[in-house]
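These notes concern the structure reproduced below.
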Amino acid sequence: MTRGLEGRILDLGGAEAHRSLWSNADATILDGVADPTLLSLVDRSERFDVIVSVMQLATVADLAGTISRLSRLLGPDGQLHFLEPGRLTGVTGRAQRLAAPMVTISTGFRLDRDIPHQLRTNGLSVTSLQRHRNGTTQWWHRLLVEGTAHRALPLARND
């Protein structure tokens, strides 16, 4: 996911292992989405070419507000790269949504979210999307979605 990313990078972090990914890059690494530095970056109107979120969007209480802040941090051609828990479908999806409150309490992950849909709803275009089956014994966490989003282009007006 991080291979070939260039420019000014904001890694939403959350794990010490992220620091080694960017040893040769112009990167700002946060200690998760709740890191107060995120708000400081928005207040200073900072811009990034790449924002990386690994399992961070699934943890925030205010997803729409977080997406809005991330969108404001993206440069003109900036991209948001994400790897987040996926929302299952069918009977397993219903079970996942029923278990979601308990999972949120125990792990912090909000599994009842469709992250790509939320990105689109909040003004970003998802330009690539892959679904991965995670080889875990935690059935509710088996699907991961990986993708790239950028600011949506304004619609042309026919006045």
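In what follows, every heavy atom counts, from backbone to side chain, and hydrogens, waters and symmetry copies are set aside. All of these numbers come straight from a predicted model, not from anything done at the bench. Residue indices begin at 1 and follow the sequence shown.
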**Request:** Evaluate the side chain to side chain contact (heavy atoms under 4.5 Å, CB included) criterion for residues T66 and L57: first the C-alpha distance (whole Å), next the side-chain angles of each, then the deciding distance (0.1 Å), finally the verdict.
**Result:** CA-CA 8 Å; T66 299; L57 297 176; 4.2 Å; yes

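A 4.5 Å side-chain heavy-atom check between L12 and V54 finds every atom pair outside the cut-off. Here the side chains of M55 and P85 are in contact, with some heavy-atom distance below 4.5 Å. Using a 4.5 Å heavy-atom threshold, the side chains of V50 and L10 count as separate.
Note: S45 OG to L73 CG = 9.0 Å, rounded to the nearest 0.5 Å. Here the CD1-CG distance, from I51 to D11, works out to 10.5 Å after rounding to the nearest 0.5 Å. Rounding to the nearest 0.5 Å places CD1 of I9 at 9.5 Å from OG1 of T28.
Applying the salt bridge (charged side-chain N to carboxylate O under 4.0 Å, His left out) test to pairs two or more places apart or on separate chains, none has a residue in residues 62-74.
In terms of heavy-atom proximity, Q118 sits nearest to N122 at O-ND2, 2.8 Å. Across all non-hydrogen atoms, the minimal contact from A58 to E84 is N-OE1, 3.1 Å. Closest approach of L83 to H132, counting heavy atoms only: CD1-CD2, 4.5 Å. Across every non-hydrogen atom of L124 and S71, the tightest pair is CD2-OG, 3.9 Å. A pairwise comparison of heavy atoms in L129 and P116 identifies CD1-CG, 3.7 Å as the closest pair. Among all heavy-atom pairs drawn from L38 and L70, the shortest one is CD1-CD2, 4.1 Å.
With 3.5 Å as the limit, one finds no donor-acceptor pair spanning the side chains of T148 and T127.
Surrounding CG of D77 are at most 12 heavy atoms belonging to other residues, nucleotides or ligands under 6.0 Å away.
The closest donor-acceptor contact from the side chain of Q79 to the backbone of H150 lies at 3.5 Å or more, if one exists at all.
The pair R8-E46 counts as a salt bridge, with a side-chain nitrogen and a carboxylate oxygen less than 4.0 angstrom apart.
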